[in-house]
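Note: hydrogens, waters and symmetry copies are ignored here, and every other heavy atom, side chains too, is used. Only a predicted model underlies this, so the values are computations on that prediction, with no experimental measurement involved.
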Amino acid sequence: QVQLVESGGGTVQAGGSLRLTCAASGRASETSIKGWFRRPPGKEREFVAAISWTGGTWHADSARGRFSISRDNAKNAVYLQIDTLKSDDTAVYYCASDPLGSVRKSEYRYWGQGTQVTVSS
């Protein structure tokens with residue numbers, strides 16, 4: 001069984017930065033593709049970024065430039081650095097593992113519970 005636990009969310013002023021962490025457990029998750037998604041208030045969950053075991057990355061067009069995904073395979077952890085936060089970044093951010101198809105689609109085998117990010121102006 002794979003478990004994903006997100007942390008690092010909180011309330012941040014616009015213009016600030018946050019680093020979200022996704023801690024994964026379970027050997028099956030060590031080499032799998034990991035993704036970050038977010039669900040803004042009143043909207044559907046949307047793709048943010050994903051990363052492969054070897055460090056290859058995918059980003060949503062809206063995430064290029066301010067969002068950076070990385071992983072530490074030794075720690076079985078994935079990170080999402082968000083810079084120059086905007087009010088539109090307010091959302092619950094989810095970590096996911098093992099995509100069932102396209103990494104950009106919200107179809108992953110395992111999901112975390114999410115961490116709230118609130119950007120205040």
How about Ser97 and Ser32: does a side-chain donor come under 3.5 Å of a side-chain acceptor?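 On atom types as modelled, these side chains qualify, holding a pair under 3.5 Å.
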
Which pair of heavy atoms, one from [X] and one from [Y], lies closest together, and at what distance?
X: Val48; Y: Phe67; value: CG1-CD2, 3.6 Å
X: Val103; Y: Ala50; value: CB-CB, 4.2 Å
X: His59; Y: Arg104; value: O-NH1, 2.9 Å
X: Ala91; Y: Gln116; value: O-NE2, 3.4 Å
X: Ser121; Y: Ala14; value: CA-CB, 4.4 Å
X: Gly35; Y: Tyr108; value: N-CE2, 4.0 Å

[Y] and [X], any side-chain heavy atoms less than 4.5 Å apart:
X: Gln81; Y: Ser17; value: yes
X: Tyr93; Y: Ile82; value: yes
X: Ser102; Y: Glu107; value: no

Between the main-chain N or O of [Y] and the side-chain N or O of [X], is there a donor-acceptor pair closer than 3.5 Å?
X: Asp98; Y: Arg109; answer: no
X: Asn73; Y: Asn76; answer: no
X: Glu6; Y: Gly114; answer: yes
X: Thr90; Y: Val119; answer: yes

Would [X] end up clustered with [Y] when hydrophobic side chains under 4.5 Å apart are linked, directly or stepwise?
X: Leu20; Y: Ile51; answer: yes
X: Val12; Y: Trp36; answer: yes
X: Trp58; Y: Tyr94; answer: yes

Could you tell me the separation between the [atom1] atom of [X] and the [atom2] atom of [Y], rounded to the nearest 0.5 Å?
X: Lys34; Y: Cys22; atom1: NZ; atom2: SG; result: 7.0 Å
X: Glu44; Y: Ser106; atom1: CD; atom2: OG; result: 9.0 Å
X: Ser70; Y: Arg19; atom1: OG; atom2: CZ; result: 5.5 Å

When you measure from the centre of the six-membered ring of Tyr79, is the NZ or CZ of Arg71 closer than 6.0 Å and no more than 45° off the axis? no

Can the ring centroids of Phe37 and Trp111 be said to lie less than 6.0 angstrom from one another?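 Between Phe37 and Trp111, the centre distance is under 6.0 Å.
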
Scan for salt bridge (Lys or Arg N to Asp or Glu O under 4.0 Å) pairs involving residues 79-92, sequence neighbours excluded, and state none if there are none.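 Listed by first then second residue: Arg38-Asp89, Arg66-Asp89.
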
